[in-house]
Structure formats: structure tokens, C-alpha cells
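Have a look at the structure below, then the notes.
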Amino acid sequence: MTSATTMNAALDPAYRERLIRLAREVSFETGTRLFEEGRRADRFWIVRTGNVALDLHVPGRRAAVIETLGHGELVGWSWHFPPCLWHLGAEATSPVRAWEFDAEAVRTLCAEDAAFGRAIAVWVGQVVAQRLHASRVRLLDLYAPYGSGEPA
């Protein structure tokens with residue numbers, strides 16, 4: 001995926017290198033839950049291979065998939081904003097290889113280096129904004145009356 005919100009596109013090479021030094025390689029089998037909505041957000045991932053579905057708990061029904069993430073994409077932004085609780089759930093929809101980051105270690109590095117911290121904050125903010133926009137477009141596709149996008 002070529003997106004302005006992937007780590008490679010959003011961060012300068014020096015900042016990517018600093019971040020990757022904190023990573024550990026992990027893998028998840030299909031069906032593995034990475035996190036659950038409302039629980040403590042203490043880590044995040046960059047997908048290397050495979051896909052992860054973000055989902056929303058719907059009482060009495062199966063979780064609704066909000067978005068599917070793939071190569072190069074950030075899985076989890078809730079770690080960056082207090083109270084650091086997951087806003088959604090996440091599940092591997094195929095075998096996944098990823099870099100996993102300890103949120104506290106990254107937040108500490110951000111606090112120690114203001115320029116690095118700003119770069120991370122801008123990146124995470126871009127991810128949140130892009131996902132909000134994508135959700136808005138999906139809602140319009142589902143619920144807007146035909147022709148509602150036409151100028152008045």
C-alpha cells in the first residue's frame with residue numbers, strides 16, 4: 001500500500017531507524033485477537049505481511065469490521081492518547097508478521113526528544129485523521145440518500 005500514513009511515508013529515515021530499534025518481530029496466526037476494545041493499550045504494531053481487521057463490539061451481534069489493515073500500516077493508535085485504552089478490537093484475518101512496539105518505551109523516547117516526539121505525534125494524528133475520513137466515506141456510502149453529495 002502506498003499511503004501517506006505508512007511509517008515509511010510518514011517518518012524521516014532517521015526517525016524510522018530510531019523507532020525500529022525499539023521493535024521486536026512477532027507473528028500471529030489467522031484468528032488471533034491482538035487487542036480488545038476498552039482494554040489497556042500498551043503496545044502497537046506495524047504490519048509487515050498479512051492483514052488485521054479492526055472491529056467494533058456490537059451487543060448481541062458479531063463484531064463489525066471497521067477497516068482492514070495491511071503491509072506498512074499502523075495497528076493501534078490508542079496507546080498515544082490518555083487514558084490509553086483501545087477504541088476498537090483487532091484480529092488477524094490471515095497469518096501476520098509485524099513489528100511490535102512497547103508503547104511506554106516509545107512514549108519515553110518521544111518525551112526525551114521533542115523533534116522525534118512531534119514526528120510520531122504527527123504520524124499518529126495523520127493515521128487517525130485518515131481512518132476517520134475513511135469511516136465517514138463508508139457511512140455516506142451506506143446511509144446517504146442517492147445524490148446527497150450533489151451541490152445545492
Side-chain angles (χ1 to χ4, degrees), residues 1-11 15-16 18-20 22-144 149:
M1 170 176 226
T2 306
S3 168
T5 60
T6 63
M7 179 182 65
N8 286 343
L11 294 177
Y15 293 148
R16 284 196 309 264
R18 286 186 71 189
L19 187 61
I20 289 298
L22 297 176
R24 73 182 189 103
E25 292 188 37
V26 295
S27 59
F28 303 102
E29 296 298 320
T30 302
T32 301
R33 297 292 296 175
L34 279 69
F35 52 85
E36 298 292 339
E37 184 178 345
R39 296 209 179 137
R40 188 169 154 252
D42 61 354
R43 67 198 66 234
F44 63 95
W45 301 264
I46 303 294
V47 177
R48 296 181 66 211
T49 62
N51 293 295
V52 174
L54 299 178
D55 56 37
L56 180 65
H57 175 72
V58 180
R61 301 178 81 183
R62 188 168 21 125
V65 173
I66 303 301
E67 188 163 4
T68 301
L69 306 175
H71 175 73
E73 293 190 278
L74 173 66
V75 178
W77 51 261
S78 300
W79 63 273
H80 193 64
F81 302 102
C84 300
L85 299 175
W86 295 118
H87 290 250
L88 300 169
E91 183 173 311
T93 58
S94 68
V96 171
R97 288 179 42 230
W99 285 308
E100 182 178 84
F101 299 86
D102 176 87
E104 184 62 34
V106 175
R107 286 192 301 262
T108 298
L109 192 56
C110 289
E112 292 171 353
D113 180 340
F116 177 80
R118 181 176 176 351
I120 296 296
V122 168
W123 171 43
V124 173
Q126 288 173 332
V127 169
V128 173
Q130 182 275 328
R131 293 194 184 150
L132 180 61
H133 176 75
S135 294
R136 180 176 169 254
V137 169
R138 280 192 302 279
L139 285 171
L140 285 172
D141 285 345
L142 287 171
Y143 298 111

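Residue numbers run from 1 in the order of the sequence given.
- Not a single donor-acceptor pair under 3.5 Å links the side chain of S94 to the backbone N or O of G50.
- Interatomic distance, OG1 of T68 versus CD of E91, reported as 10.5 Å (0.5 Å rounding).
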Run D102 and L22 through side chain to side chain contact (heavy atoms under 4.5 Å, CB included) and show every step you take. CA-CA 8 Å; D102 176 87; L22 297 176; over 6 Å; no
Can I120 and L11 be said to form a side chain to side chain contact (heavy atoms under 4.5 Å, CB included), step by step? CA-CA 8 Å; I120 296 296; L11 294 177; 4.0 Å; yes
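- Here R40 contributes atom CZ and L85 contributes atom CG; the two are 9.5 Å apart, rounded to the nearest 0.5 Å.
- Residues R131 and W77 come closest through the heavy atom pair NH1-CD1, 3.8 Å.
- Of the possible polar contacts, one joining the E73 side chain to the G70 backbone as a donor-acceptor pair under 3.5 Å is found.
- Around the CZ atom of R33, the shell of radius 6.0 Å holds more than 12 heavy atoms that belong to other residues, nucleotides or ligands.
- The closest donor-acceptor contact from the side chain of R24 to the backbone of E100 lies at 3.5 Å or more, if one exists at all.
- Distance check: R18 CZ to L109 CG gives 4.5 Å after rounding to the nearest 0.5 Å.
- The heavy-atom pair separating R48 from H71 by the smallest distance is O-ND1, 2.7 Å.
- Taking all atoms of both residues into account, the shortest heavy-atom contact from E37 to H87 is CG-O, 3.5 Å.
- In this structure, I46 and L74 have side chains that are in contact, with non-hydrogen atoms separated by less than 4.5 Å.
- In this structure, the separation between CH2 on W123 and CD on Q126 is 10.0 Å, given to the nearest 0.5 Å.
- The two residues A103 and A41 come nearest to each other via the heavy atoms CB-O, 4.4 Å.
- Shown are F81, W99, W79; of these, the ring-ring contact (aromatic ring centres under 6.0 Å, His included) with F44 is made only by W79.
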Between N8 and R16, is the side chain to side chain contact (heavy atoms under 4.5 Å, CB included) condition met? List the steps. CA-CA 7 Å; N8 286 343; R16 284 196 309 264; 3.2 Å; yes
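- Distance CG/L54 to CG/L34: 9.5 Å, rounded to 0.5 Å.
- Judged by distance alone, with hydrogens and angles left aside, the side-chain atoms of T93 form a donor-acceptor pair with the main-chain N or O of N51 at under 3.5 Å.
- F28 is not listed as a side-chain neighbour of P95, based on a closest heavy-atom distance of 4.5 Å or more.
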Test side chain to side chain contact (heavy atoms under 4.5 Å, CB included) on E104 and R107; report intermediate values, then the result. CA-CA 5 Å; E104 184 62 34; R107 286 192 301 262; 2.9 Å; yes
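- In this structure, W45 and F35 have parallel ring planes: the angle between them is below the 30° cut-off, well short of the 60° mark.
- A pairwise comparison of heavy atoms in V58 and R62 identifies CB-O, 4.1 Å as the closest pair.
- Pairing each heavy atom of V47 with each of T49, the nearest pair is CG1-O, 3.6 Å.
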